[in-house]
Structures are given as structure tokens and as C-alpha cells.
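Protein chains get the first letters and strands the later ones, always in sequence-line order, with residue 1 at the start of each.
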Number of protein chains: 2
Amino acid sequence: MELEIKNLLKQQGFSATKTRMAVLGAILKMQPASMQQLISALPDVDRATVYRTVDLFVELNIAKKVHTGFKYRVELSDSFQEHHHHLTCLRCGTVLDVHTPEIEYAIDQTASSNGFRPVRHDLEIIGYCAQCS
Amino acid sequence: MELEIKNLLKQQGFSATKTRMAVLGAILKMQPASMQQLISALPDVDRATVYRTVDLFVELNIAKKVHTGFKYRVELSDSFQEHHHHLTCLRCGTVLDVHTPEIEYAIDQTASSNGFRPVRHDLEIIGYCAQCS
DNA sequence: CTACTATTGCAATTTTGTCGCAATTTGTTA
DNA sequence: TAACAAATTGCGACAAAATTGCAATAGTAG
């Protein structure tokens, strides 16, 4: 995975620097990761650089920003892992990943029946997990 | 609508002040409205008051925060208008409201099949509208 | 190795959101 | 309606989050 992305960066004319690889590593390890989490996990990388690197990753479609609760978090884009949604627990904060064809289908149907051509979508489900219910 | 909410406020032990009604009016007119939009639309209301008022509305389930693009916006809660989702056009910025039972059903199914008790959800569809496709 | 370009850290700044408190407004009671 | 108590608001300071310009550094090609 790291190698694949390293090549993608070079291919697009960007360097696969240690710093960028460090940010990538943190995203891989913590996803979905908030900016604050990434920043604290990378004490040797400047805050501004973390922001700029994440923005670069988003532009290159390596990562994407999703919402869990009321702030966005960063995770690998759908090109590098299966498209999925998050179930966020209000009590313990656990984030569960789910993939459901039915939801995808319903979303596409709804969009096209409105003459809308969907590019992407973002679904966030908030509630209580099995343990906290 | 304003009257209904005025009564709800009083009923809950809060005053329906001019300031609060002004914030409500701005939400009604601009929804979904970003905090910055609300703040600029209400030059005579202090920034802190706008935040406090929106928070109060959210607590009382008069308004809710939703995501369109990458910051949250404020709109009336589902108690005062039909639950819906947004189709946001990348080109012209139009936001289309849609309501689809199929999506709701699929979301509930997915949540419960994971032992998750959903409280609310937020779906945002990004793409191109009929005119801009 | 040298020279050029991209990347990074740093510091300053902007934007966003919060807090305590004094002043004002609102609601109540007489 | 006058006056008091409680709720609400504005103000100013502050804190946190995000962005920017620029100089120093690291990466890359020849």
C-alpha cells in the first residue's frame, strides 16, 4: 500500500518524502483520523505541513475527508480501500465501518431520478453501538 | 412557523426575544446556512449570541446541523420540515432537497444488522445537477 | 557534486468558537 | 404601570483551529 502510493506520488510529479510517508503512515494507522489526532501523532512534522500534505492527498485522490460526529476526519480514498460508511457511537465514540450495496443503490436511484449525476456521497450514522445501547 | 416556534420556546421556559426571532428568520430564509452566513446576515447580533442561539435551537430540536461540502450548516430540524437530504451541485452550487423512503429503510437496516441503534443520520450527495451535467 | 526545484518549518495572521461579566431586556408581581 | 428578579445579550478577552509568506532545507536531475 505504501509503495503503491509512493509510486502514484512520483507519477504525478510529487516527491515521496519521509514527511509525506510519515503522514500517510499515520493515516493508515489511525483512519478515520481527525486533523488533531494526526498532528499530535506526528510531533516532528509541522502542523502546517500536516494540513498541506492532507490537502495534497485529497487532491490526488489518495485520501478523502469524511464526517464522523461534527468534525471531518481523514481516511484513504475509495481507490485504496472499499467504499464504506461510518456508524459513530455517541457514548463510547467507536466508529464502525459498514459497506452496504442497498444503500449505494438507493442513493444512486434517488440521485438519477432527480436528474442528478452523483460524483460522491458521504453518509454518517450517529447512534449507540451494541455495547452502549 | 415563526409562531409555532415562538410558542415552543415559551413552553420550554425560554423567552422568544427579538434577537432569537431574528436568528430564526435568518435560518428560515437561508437554510441550510453556514455560521458565517448567519453572522454576516445579522450585523446587529453579536457573534457569541448567534452561536448561543443556534446551540439553543439545536438543543430544543428546533434546528439541526448538517454537512454540505466540508463545513456544517444550520437548518430547521425534522420536527418542522420533512426529513430530507441534500444533493449539492459542484458547478452551480444549487442544493436540492430530496426525501427517499428507500434510503431511510436501507440505513435503518444496515444499522440494526450491526447491533447499532441509530439516532440520526446525515447524507450528503455531491455531483452535478440536471442543468450542469 | 552542483544547481535547480520542491518541500518544510517557522512565525505571523486569520478564522472560528468560547467564556466571564456587566449592562440591558424580559417577564412577573403587586 | 412601577419595580424587582431572572434571563438574555453585548462586549472584550481569550483559546483553538486553520492558513499564509518566506527563508531554510531536502530532494532530484544532470
*asked:* Taking donor-acceptor contacts at under 3.5 Å, does the side chain of R52(B) reach the base of dG10(D)?
replied: yes
_Taking atom types as they are modelled, would you say the side chain of R47(B) forms a donor-acceptor pair with the base of dG12(D) within the 3.5 Å cutoff?_
no
*E75(B) side chain to I27(B) main-chain N or O, any donor-acceptor pair under 3.5 Å?*
no
*Any donor-acceptor pair under 3.5 Å from T49(B) side chain to V45(B) backbone*: no
Counting only side-chain heavy atoms from C-beta out, which of [options] sits nearest to [X]?
{"X": "R20(A)", "options": "dT8(C), dT8(D), dC19(C)", "value": "dT8(C)"}
{"X": "S15(A)", "options": "dC19(C), dT8(C), dT28(D)", "value": "dT28(D)"}
{"X": "Q36(A)", "options": "dA17(D), dC19(C), dG17(C)", "value": "dA17(D)"}
{"X": "V45(A)", "options": "dG9(C), dT18(C), dG10(D)", "value": "dG9(C)"}

How many Å lie between [atom1] on [X] and [atom2] on [N], as a whole number?
{"X": "D44(B)", "N": "dC11(D)", "atom1": "CG", "atom2": "C1'", "result": "15 Å"}
{"X": "M35(A)", "N": "dT16(C)", "atom1": "CE", "atom2": "C1'", "result": "16 Å"}
{"X": "D55(A)", "N": "dT20(D)", "atom1": "CG", "atom2": "C1'", "result": "13 Å"}
{"X": "L56(A)", "N": "dA6(C)", "atom1": "CG", "atom2": "P", "result": "13 Å"}
{"X": "Y51(B)", "N": "dT9(D)", "atom1": "OH", "atom2": "C1'", "result": "17 Å"}
{"X": "K18(B)", "N": "dT9(D)", "atom1": "NZ", "atom2": "C1'", "result": "13 Å"}
{"X": "D46(A)", "N": "dA26(D)", "atom1": "CG", "atom2": "P", "result": "15 Å"}
{"X": "L38(A)", "N": "dA18(D)", "atom1": "CG", "atom2": "P", "result": "11 Å"}

_If the cut-off is 4.0 Å, is T49(B) near the phosphate of dG10(D), judged by side-chain N/O to OP1 or OP2?_
yes
*Does the side chain of T17(B) get closer than 4.0 angstrom to OP1 or OP2 of dT9(D) through an N or O atom?*
yes
_Distance-only polar pair, side chains of H121(B) and E104(B), donor-acceptor under 3.5 Å_ = yes
*What closest approach, in Å, do L76(A) and Q81(A) show between heavy atoms, and which atom pair accounts for it?*
O-NE2, 3.1 Å
*If you find the nucleotide of DNA chain C closest to A16(A) and the one closest to A48(A), which residue's nucleotide is nearer the 5' end?*
A16(A)
*Is the shortest side-chain N to carboxylate O distance from D108(A) to R117(A) below 4.0 Å?*
no
